[in-house]
Amino acid sequence: MGAPGAGKGTQAQALTRRLGIVQVSTGDMLRSAVQSGSELGRKAQSFMRNGELVPDDVIIALIEQRLAREDCRKGFLLDGFPRTLPQARALDSAGVALSAVVTIEVAPGELVRRISGRRTHPASGRVYHLDDAPPQTPGVDDDTGEPLVQREDDREEIVRRRLKVYGEQTLPLVAFYRQQPGVALHQIDGNGTVEEVRGRIFSALRL
Ligand code: AMP
């Protein structure tokens with residue numbers, strides 16, 4: 001968990017490589033649905049554009065299908081889900097036992113700086129930053145050479161809305177997981193370099 005720009009996607013990539021498990025990012029799944037023009041994409045698009053959350057029933061159905069797939073058997077890392085109390089409760093009632101919850105905490109001014117420099121490679125979900133993690137060649141993905149783009153919802157006014165939604169709807173999950181038996185909650189300081197934050201997360205998880 002973490003506010004937009006906290007580094008969820010970046011740190012999730014490092015963790016899944018280390019653990020040999022899949023990254024399940026609802027944001028990435030929704031963006032590819034929007035790109036493909038599927039029914040899910042059409043439903044999700046206007047919410048995402050405006051920095052609002054996609055309705056719980058849509059997201060819960062999406063994640064249930066995804067977690068049933070073979071590649072999740074060995075374990076998985078959820079990136080961007082759950083984001084509301086009903087989503088967390090649905091996961092719990094589906095019998096999905098999380099072993100750990102990691103929250104990445106970053107000051108709001110720094111979040112805005114990070115998001116405005118963020119560029120992504122849509123096909124792979126790889127994330128760059130103009131100052132902090134630039135690609136080898138400006139404007140293109142290191143592995144494929146394809147163009148990098150700025151997410152439509154990374155525009156400043158939308159970012160402010162997303163931060164507000166995070167505070168109102170997602171932050172209450174910290175209290176939810178604090179009192180959930182069997183779940184280790186790790187609240188990580190997300191300020192500093194990608195490597196510093198990664199080190200804190202790995203040591204909290206004893207990796
Ligand atoms: P993200 O890439 O995780 O920042 O997600 C981008 C956008 O996708 C969010 O601003 C929401 O509109 C939507 N989204 C992603 N995950 C969820 C979720 N678990 N619940 C509702 N909406 C979501």
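Whatever order the structure lists them in is the order used to number ligands and atoms, beginning at 1. Only this structure's heavy atoms are used, side chains among them; waters, hydrogens and symmetry mates stay out.
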One pair per line, please: each N/O atom of ligand 1 matched with every protein N/O atom under 3.5 Å away, atom names first, then the distance to 0.1 Å.
| from | atom 1 | to | atom 2 | distance (Å) |
| --- | --- | --- | --- | --- |
| ligand 1 | 2 (O) | R31 | NH1 | 2.9 |
| ligand 1 | 2 (O) | R31 | NH2 | 2.9 |
| ligand 1 | 2 (O) | R151 | NH1 | 3.3 |
| ligand 1 | 2 (O) | R151 | NH2 | 3.4 |
| ligand 1 | 3 (O) | R83 | NH1 | 2.9 |
| ligand 1 | 3 (O) | R83 | NH2 | 3.2 |
| ligand 1 | 4 (O) | R83 | NH2 | 3.2 |
| ligand 1 | 4 (O) | R151 | NH2 | 3.2 |
| ligand 1 | 4 (O) | R162 | NH2 | 3.4 |
| ligand 1 | 12 (O) | E52 | O | 2.6 |
| ligand 1 | 16 (N) | T26 | OG1 | 2.8 |
| ligand 1 | 16 (N) | G80 | O | 3.4 |
| ligand 1 | 16 (N) | R83 | NH1 | 3.1 |
| ligand 1 | 19 (N) | G80 | O | 2.9 |
| ligand 1 | 19 (N) | Q87 | OE1 | 3.0 |
| ligand 1 | 20 (N) | Q87 | NE2 | 2.9 |
| ligand 1 | 22 (N) | V54 | N | 3.0 |

Contacts table for residues 97-105: side-chain donor-acceptor under 3.5 angstrom, sequence neighbours left out:
| from | atom 1 | to | atom 2 | distance (Å) |
| --- | --- | --- | --- | --- |
| T103 | OG1 | E105 | OE2 | 3.2 |
| E105 | OE2 | Q187 | NE2 | 3.0 |

Short side-chain to backbone donor-acceptor contact, T137 and V140, under 3.5 Å: no

Derivation of the side-chain contact (heavy atoms from CB on, under 4.5 Å) call for R119 and V149: CA-CA 5 Å; R119 299 292 181 274; V149 299; over 6 Å; no

I'd like a table of donor-acceptor pairs (distance under 3.5 Å, sequence neighbours excluded) in which one partner is a side-chain atom from residues 164-172, with atom names and distances.
| from | atom 1 | to | atom 2 | distance (Å) |
| --- | --- | --- | --- | --- |
| K164 | NZ | E168 | OE2 | 3.3 |
| Y166 | OH | G2 | N | 3.4 |
| T170 | OG1 | R83 | O | 2.7 |

Please list all pairs passing the side chain to side chain donor-acceptor pair (under 3.5 Å) test where one or both residues lie in residues 49-59, with sequence neighbours left out. R49-E152, E52-R161, D56-T84, D56-Q87

With heavy-atom distances below 4.5 Å as the criterion, would you say the side chains of Q35 and R31 are in contact? no

